[in-house]
Amino acid sequence: MVWTGTWVSDRLGIELAGDDELRGLLGLALRRNPKRAHLLVSGVLGKHVPQLPSVVHGHGVTLGRRVRALLGPEEAARAVVLGYAETATALGHAVADGLETAPYLHSTRRPVASVPSAGGFEESHSHATSHLLLPEDPAFFDRGGEAGRGPLVLVDDEFSTGNTVLNTLRDLHARHPRDHYVIVALVDMRAPGDAGRLAAFAEETGARVDVVAHARGTVRLPEDVLARGLRLVEEQDGRTADPLVPCAPAVAPVRLELGWPAGLPDGGRHGFTPDHRARLREALPAMAARIADGLGGPEQAGRVLVLGFEELMYAPLVLARALEEAGLDVRFSTTTRSPVLAVDDPGYAIRTRLAFPAHDDPADGPGERYAYNVAGGGFDTVLAVVDSAADTPALHAPGGLLAQLATAAPRVALAVVPAHTPVPRTPDRQEPPVLPAPLRGPDFSSYEPDDVGWLLQDLSAVRLEAPVEEREEAVQRGGAHYAESLPVEYQPTEEYQELYRDALAGSAARIARAVGTVTELVLAERSPRPVLVSLARAGTPVGVLMRRWARHRHGTELPHYAVSIVRGRGIDANALRWLAAHHDPADVVFVDGWTGKGAITRELADALAGFPGFDPEIAVLADPGSCVRTYGTREDFLIPSACLNSTVSGLISRTVLRDDLVGPHDYHGAKFYRELSGSDVSRDFVAAVEDRFDEVADAVDQQVKEAASADRAPTWEGWAAVERISEEQGIHDVNLVKPGVGETTRVLLRRVPWKILARRGAGADLAHIRLLAEQRGVPVEERDDLPYTCVGLIHPRYTRGATGADGKAVGSA
């Protein structure tokens, strides 16, 4: 066979000298990099060259067993393993597999604001130089017990100049000094002078440093190799075109569900323990069986390439290994950041190149990414495996990775591993308490169990209700917060219930259209598999309907949870912690019913500042305040679920946040009003809207098409209007001005209203407002200049003496 370094060697005079195994392990290619001309291309690493997964994993495991033999059982049990991103992430995992008992961490170029760095270093020859060390456990590097820190095993694919390893050793030795380091690589290609620098470090620190490699040798480089290499790349670019299709169409790959174990990290970016390793091994056969079934078995799948994603190498590798053991014809490689020249010659290591835009919102900004030796590889199926942070619209877009793969193989499939979001440890380095699973109906709420999981605690047995007048006085005097108690649930009269039924009958199609539009926008622009998180409780019926639309229109079952957010107090941090442990925060889409002046929109953005990965933009059914860009409509119309309280929201109360009831590790609370089940219309409301889905499908498609090209940037005109009304009415407090039909309804049901401003000629949308205002003795003032259909004003100087003797007519105290 022709050695895959011949083409470069003949033209640049680069030579490999050393062990006989070298040419079987390495080929040569030319970098598109002004810092170094050549690239040593491993045939057994699984990065640039597709290879049998058993070969890739086996080389790492063999190295790990050699390290174990070097250290002995006792020292091996105290060791920790560190791998290098991106090429050696899976190799380091495999070395840790061979050691059996060692935890593993690899460096990363994906920062996480909530995780303090345990170190960092530079890879000077790389195109992307900075490495971060972000272990979830701050004591990761201190493992070793009473005898002190155990050996540190550093794993890279090649050990060339030794600069990267030395940078790492110096940084970590300053932070976590120890007396034994083991350097592991597939090939040790250091020149004699480079070997001397490592010996000098050992002498300087008094630490023992060992090197374990499959093969040893050196690379002989002509003095002018860098300049000649750059000229050669430029010449080849002028002669040949890379086998890529920049305008490749978007594709819909076969999406395969893995059944990845909940809470299991996707790899060693933030640490991977022996317990994690055992859980993964136990789950692999079932996951491989799901993939094999999804591909139609060995015959239909044909020759398969399992393609990992940059730093995500180990999970795709072991999945590929499990498929290989199940009898499929499988090879493994991954995408990469490294720009390399492709030359279609048997004596060159990189024969073909696919290029596509980055699709994981990288911290260093957008850029090209690559998949080498995929085109022309004779693959019948390519299974791309990415983490959920990279399952973005860019992945599925025209010219994206999936579209490019479709030009290289007749069949493309996609499997998504949940990206692990680390949870910072408490100062005493103890794990936070395990949070309970979400509450579900029928034990908590009247919704179907799958419709919503409530990340709340059940306070049904606690007396929390207070008369509206009492609550208003306490809140306005500053003696209480509105979330510390609950208003007495308004029980509608028969006349009011009839208005609700008429409103629902008249607006169900309008609501269905808005539900469909906002759901389609979320699927197209936010995440192909979003996790809906409604803001309890006004957002929850909308979240239920969005979930129903996705199932009805696309056959997709979206997770849906409800969480508490409290104005002035923020969002439930423990609910966010549970979500981050079970889902990728990048997939979470917060859902609410409508916007008023945008106070909750701003509250959410402020609250999420300390929780990286979550997108603070809310998706709403109606955005009359122009506060968000993901909405079903910007019309201010009657959403019948706003007409009632718990009886249209699963019989769940407003959320409660009070220090004596909600501890630091508790969810916010709420009550389940089982006693109101005879008046419950929650399921009826959902069913009435869902029945109109087919009827509005075409209108939704048209509305989504128009929205895609429209300027939907928030203008916050609602907030400006509220400030103007607050001043002109002499209130001087925007919190007492509640714009929009939904917010005005809340004022009449839960607060002490002062007056209602109504747009002249609003008609049926305000029928229930007028009835409630009449029942409570509240004046309704007709206006021609309102940007909303109506605005509710809370009494600005409320005391219980401000009402008449009947408690209805509001005076002017």
Side-chain angles (χ1 to χ4, degrees), residues 441-442 445-452 489-520 532 534 536-554 557-558 560 562 591-594 619-622 631-633 635-652 673 676-701 703 740-742 745-746 749 763-769 771-772 789:
S445 93
S446 60
Y447 286 122
E448 296 284 352
D450 291 340
D451 272 337
V452 58
E489 282 277 313
Y490 169 74
Q491 295 304 303
T493 63
E494 178 55 36
E495 184 182 6
Y496 187 85
Q497 291 182 57
E498 185 63 30
L499 273 177
Y500 162 79
R501 290 189 288 269
D502 290 345
L504 179 57
S507 63
R510 195 176 183 185
I511 297 167
R513 188 166 63 250
V515 167
T517 300
V518 71
T519 308
E520 294 296 337
L532 304 177
S534 60
R537 73 187 167 183
T540 304
V542 179
V544 171
L545 283 166
M546 291 175 69
R547 185 181 183 280
R548 296 282 186 97
W549 177 276
R551 182 175 65 189
H552 181 87
R553 192 80 187 275
H554 302 286
E557 297 285 348
L558 300 182
H560 174 213
V591 173
D592 207 356
W594 55 85
V620 299
L621 198 64
Y631 53 84
T633 180
E635 297 177 19
D636 182 19
F637 72 101
L638 170 60
I639 301 170
S641 58
C643 292
L644 301 172
N645 287 318
S646 67
T647 53
V648 77
S649 303
L651 295 180
I652 301 302
Y673 290 119
L676 299 181
S677 58
S679 304
D680 186 31
V681 294
S682 303
R683 292 193 186 189
D684 295 340
F685 171 74
V686 171
V689 177
E690 188 175 15
D691 284 347
R692 313 299 282 273
F693 282 172
D694 287 333
E695 173 188 329
V696 302
D698 291 343
V700 167
D701 291 343
Q703 199 161 327
V741 177
T745 305
R746 286 177 166 184
L749 292 178
D765 277 337
L766 291 189
H768 75 293
I769 295 286
L771 178 60
L772 282 174
T789 303

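This one's a predicted model, so the numbers in the text were calculated from it and none came from an experiment. When a residue number appears, it is its place in the shown sequence, counting from 1.
Residues Arg692 and Arg513 fail the side-chain proximity criterion, which asks for heavy atoms closer than 4.5 Å. Using a 4.5 Å heavy-atom cutoff, the side chains of Tyr673 and Asn645 are not in contact. By the 4.5 Å heavy-atom criterion applied to side chains, Ser646 and Arg537 are counted as neighbours. Residues Met546 and Leu558 are not in side-chain contact: their nearest non-hydrogen atoms beyond the backbone lie 4.5 Å or more apart. Contact annotation: the side chain of Trp549 approaches that of Val696 to within less than 4.5 Å [non-hydrogen atoms, C-beta and beyond]. Side-chain contact between Leu651 and Ser446 is present, with at least one heavy-atom pair separated by less than 4.5 Å. Side-chain contact between Tyr447 and Ile652 is absent, with no heavy atoms from C-beta onward closer than 4.5 Å. By the 4.5 Å heavy-atom criterion applied to side chains, Trp594 and Leu621 are not counted as neighbours.
Minimum heavy-atom separation, Leu504 to Phe685: CD1-CD1, 3.6 Å. Closest non-hydrogen pair, Val686 versus Val544, comes out as CG2-CG1, 3.9 Å. The heavy-atom pair separating Glu695 from Ala509 by the smallest distance is OE2-CB, 3.7 Å. A pairwise comparison of heavy atoms in Pro449 and Gly441 identifies CG-O, 3.1 Å as the closest pair. Nearest approach of Ala514 to Thr633, heavy atoms of both residues: CB-CG2, 4.3 Å. Nearest heavy atoms, Phe693 versus Leu545: CZ-O, 3.9 Å.
At least one donor-acceptor pair under 3.5 Å links the side chain of Gln703 to the backbone N or O of Gly632. With hydrogens and angles ignored, the 3.5 Å screen pairs no side-chain donor or acceptor of Ser534 with any backbone N or O of Asp592. In terms of modelled atom types and a separation under 3.5 Å, the side chain of Arg547 and the main chain of Asp450 share a donor-acceptor contact.
One finds the CZ atom of Arg553 at 5.5 Å from the CD atom of Glu520 (value rounded to the nearest 0.5 Å).
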Query raised in the report: Under the side chain to side chain contact (heavy atoms under 4.5 Å, CB included) criterion, do Ser649 and Thr540 qualify, and how do the steps go?
Result: CA-CA 7 Å; Ser649 303; Thr540 304; 5.8 Å; no
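Annotation: salt bridge (charged side-chain N to carboxylate O under 4.0 Å, His left out) contacts of Arg501 (sequence neighbours excluded): Glu494, Glu498. The salt bridge (charged side-chain N to carboxylate O under 4.0 Å, His left out) test applied to Arg548 returns Asp451, Glu690, not counting sequence neighbours.
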